[in-house]
Amino acid sequence: MTVRTRFAPSPTGFLHIGGARTALFSWAYAKKHGGEFILRIEDTDVARSTPEAVQAILDGMQWLGLDYDQGPFYQMQRMDRYKIVIQSMLAAGSAYYCYSSKEELEALREQQMAQKLKPRYDGKWRPEPGKVLPHPPADIAPVIRFKNPQDGVVAWDDLVKGRIEIANSELDDLIIARADGTPTYNFCVVVDDSDMGISQVIRGDDHVNNTPRQINMLRALSEIDSSIQVPQYAHLSMILGGDGQKLSKRHGAVSVMQYHEDGYLPEAVINYLARLGWSHGDEEVFSKQQFAAWFDLDHITPSAAQFNTEKLNWLNAHYIKQAEPTALLADQLQRLALRGVLAPDTAKLSASIALYKERVNTLNELADGLVYFFEKPSLDAAAVEKHLTPDVMPVLVELSAALNACDWQAEAIHQAINDAVTKNGLKFPKLAMPLRVALTGTAQSPSIDQVMAILGKAEVLARLQAVLK
RNA sequence: GUCCCCAUCGUCUAGAGGCCUAGGACACCUCCCUUUCACGGAGGCGACCCGGGUUCGAAUCCCGGUGGGGACGCCA
């Protein structure tokens, strides 16, 4: 049997970190087994679904490089198919019309909660042999309910959590079509997973409780069409925020595209997400391809995992260091433009990226650190006071002259500084620090001779002149 | 409330009854490197939720407790 997995988000918001990991694992499972990965947009909640959200999900997947073999399929475009299946269930007696009003149901729920019972449909309109149903009220448009088995248990061997059993007595007859005729989530999923030949359903933990209902519907459907099979299920635990709390819209859940904006490389986010809840021995740093080759459901942790920005930073720093400067060029051009640096010299930009990328966690930090290569820095007052002391001024004057005559290479520049240091009986930092402050504005920078080599002779002399006045 | 799930360093995790004196990674601390800050290198701190049981032997298996999470929609 060919492996087919799917990622099935509902377009009610952006692609967040939890959804991204679910997609990543589904993607990897399909790749590992030479199967197909399908994207399906579950947009049956017309009131909450938006085209913007669809686009945001597509953008997020593209940024992460989670390519799908089929889709995106849209459930709203499959209405005809759902209606046919519902009709067949009605005909087979595995579904029925229910005329209970929303108000009636609400009252029932409250009553049950008050009695500390699990709120469930009371089966008023459920047909049974020998049972006499009430007369359908004329003013109520009926919903359609699935006739769930009442006895026995539903069990499956979850690929992550092991065997799970739920008694049918815990389940009630769920609504599969609303009063307006549109089908609901649990029903659409079942039809789609079946029609699309999904072999493994890999999804979030929060769907564990839907699984027995879906299995029951699949079984009812297989009574009608014997080719219909129940897929395997793998339920991934959720990702918690850095504080151990559940991620939600108002608490810590952000779009994966926010990570892009914040200066994270997709390689880093993928690598980080892969290691969140999954492991391959002691391996920590690996590519998406390596992940796909290694991936298996056996090594997924069943417990929830807390998001840790520090570790993401570490991975991001690794991937930035590893990147070729030219690969970062386009990105840095954009980020520098945001910082007011327009059309910088490309050779100079490449050289400064090469020098600076070794020391940053994010692409924004990189861009921040690059600015002074292209614009005169404003000098940090504390650093000026500490390092640009009156006694070094004459040495700087002397050095300026030497630099002016210097062959403009880091080696030669270093030599010129060294000569000035020796001649004046100083230690190297005594001159390097004032230079650093004068040229970069701060007391922290890469090797000052290398910075100077990139800045260029004219610019270095001009910046020195500015502090000597 | 009912049902379901989960439980190893602060965090992510290794761990399939003896390889465990519980390993790795991030973070933190110390030292080294050094031209400042980083990077890098070497060390260090630091955990099996509790209680029973099974067994010659339990982080690992079973039971109970506790704690955390999820679900209980004409949402997905």
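In what follows, every chain begins at residue 1, and chains take the letters A, B, ... in the order their sequences are listed. Everything numeric in this text was worked out from a predicted model, so none of it was measured. Basis for what follows: all heavy atoms, side chains included, without hydrogens, waters or symmetry-related copies.
A salt bridge does not link A/D368 with A/R335: every distance from a Lys NZ or Arg NE/NH1/NH2 to an Asp or Glu carboxylate oxygen is 4.0 Å or more. Comment: A/K457 does not engage A/E459 in a salt bridge, judged by the lack of any side-chain N to carboxylate O separation of less than 4.0 angstrom.
The base of B/U35 sits with one of its N or O atoms less than 3.5 Å from a complementary donor or acceptor on the side chain of A/H414. Contact annotation: side chain of A/R436 to base of B/U35, donor-acceptor pair present below 3.5 Å.
Taking atom P on both B/G41 and B/G24, the two are 15 Å apart, rounded to the nearest angstrom. The C1' atoms of B/U66 and B/G52 are separated by 14 Å, rounded to the nearest whole Å. For the P atom pair drawn from B/G10 and B/C50, the interatomic distance equals 13 Å after rounding to whole Å. If you take atom C1' in B/U30 and the same atom in B/G69, they sit 39 Å apart, rounded to whole Å. The gap from the P atom of B/C31 to that of B/G68 amounts to 41 Å, rounded to the nearest Å. For the P atoms, the distance linking B/C48 with B/U54 amounts to 24 Å, nearest Å. B/A76 sits 46 Å from B/C39 when the C1' atoms are compared, rounded to a whole Å. Taking the P atoms as reference points, B/C49 lies 10 Å from B/A59, given to the whole Å.
Counting any heavy atom pair closer than 4.0 Å across all strands shown, A/N313 reaches no nucleic acid atom. Residue A/K102 is classed as a base contact, given a heavy-atom separation below 4.0 Å to a base. A/S49 comes within contact range of no nucleotide atom at all, as no heavy-atom separation falls under 4.0 Å. Within 4.0 Å (heavy atoms only), A/P9 reaches no atom of the nucleic acid at all. Residue A/K427 is out of contact with every strand shown, counting any heavy-atom pair closer than 4.0 Å. Heavy atoms of A/D172 sit nowhere under 4.0 angstrom from any nucleic acid atom. As judged by a 4.0 angstrom heavy-atom cut-off over every strand, A/S100 is placed among the base-contacting residues.
The partner of B/G73 cannot be assigned: no Watson-Crick or G-U wobble pair with both contacts below 3.5 Å exists in any strand. The partner of B/U36 cannot be assigned: no Watson-Crick or G-U wobble pair with both contacts below 3.5 Å exists in any strand. B/C28 is paired with B/G44 under the criterion used here, namely a Watson-Crick or G-U wobble arrangement in which both key atom distances are under 3.5 Å. If you check B/G67 for Watson-Crick or wobble pairing at under 3.5 angstrom, you find it paired to B/C6.
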* What's the verdict on ring-ring contact (aromatic ring centres under 6.0 Å, His included) for A/F25 and A/F295, showing C-alpha distance, side-chain angles and the deciding distance? -> CA-CA 8 Å; A/F25 284 14; A/F295 186 67; 5.1 Å; yes
* To do: Applying ring-ring contact (aromatic ring centres under 6.0 Å, His included), run through A/H414 and A/F428 and close with a yes or a no.
  => CA-CA 10 Å; A/H414 185 82; A/F428 197 96; 5.1 Å; yes
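When the C1' atom of B/C3 is taken as reference, atom CG of A/D206 falls 16 Å away, rounded to whole Å. Rounded to a whole Å, the CD atom of A/E170 is 12 Å from the P atom of B/C5. Here the P atom of nucleotide B/A76 and the CZ atom of A/R213 are 13 Å apart, to the nearest Å. Atoms OH (A/Y96) and P (B/C74) sit 12 Å apart, rounded to a whole Å. One can place CG of A/N209 at 14 Å from C1' of B/C6, the figure rounded to the nearest angstrom. Atom CG in A/D158 sits about 16 Å away from atom P in B/A71, given to the nearest Å. Regarding A/L379, its CG atom lies at a distance of 20 Å from the P atom of B/U36, rounded to whole Å. Atom CG of A/D205 and atom C1' of B/C72 are 15 Å apart (whole Å).
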* To do: Starting at the 5' end of nucleotides 28-34 of chain B, put B wherever the base has a protein heavy atom under 4.0 Å, S where only the sugar-phosphate does, and a dash everywhere else.
  => -------
* **Sugar-phosphate or base contact per nucleotide [nucleotides 13-26 of chain B; S, B, -; heavy atom under 4.0 Å]** => SSS-------BBBS
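The shortest distance between the side-chain N/O atoms of A/R109 and the OP1/OP2 oxygens of B/G1 is not below 4.0 Å. Not one side-chain nitrogen or oxygen of A/K118 sits closer than 4.0 Å to the OP1 or OP2 atom of B/A71. For the OP1/OP2 pair of B/A76 and a distance below 4.0 Å, the side-chain nitrogens and oxygens of A/R178 include at least one atom meeting the criterion.
If you look at A/W278 and A/H299, their ring centroids are not closer than 6.0 Å. Taking the six-membered ring for Trp and the full ring otherwise, A/W294 and A/F286 have centroids separated by under 6.0 Å. Taking the six-membered ring for Trp and the full ring otherwise, the centers of A/Y264 and A/Y319 sit at least 6.0 Å from each other.
A/D172 pairs in a side chain to side chain donor-acceptor pair (under 3.5 Å) with only one of the listed residues (A/R145, A/R126, A/R213, A/R120), which is A/R213.
Along RNA chain B, the nucleotide nearest A/M113 and the nucleotide nearest A/S101 are compared for position; the residue whose nucleotide lies closer to the 5' end is A/M113. Both A/I164 and A/R145 lie near RNA chain B, and the one whose nearest nucleotide falls closer to the 5' end is A/I164.
Judged purely by atom type and a 3.5 angstrom limit, A/D380 has no side-chain atom pairing as donor or acceptor with the backbone of A/A443.
Applying the ring-ring contact (aromatic ring centres under 6.0 Å, His included) rule to A/H207 yields the partners A/Y185; only residues at least two apart in sequence or on another chain are considered.
For CG of A/D180, the number of neighbouring non-hydrogen atoms (other residues, nucleotides, ligands) closer than 6.0 Å is greater than 12.
Under the 4.5 Å side-chain criterion, counting only non-hydrogen atoms from C-beta, A/K357 is in contact with A/P325.
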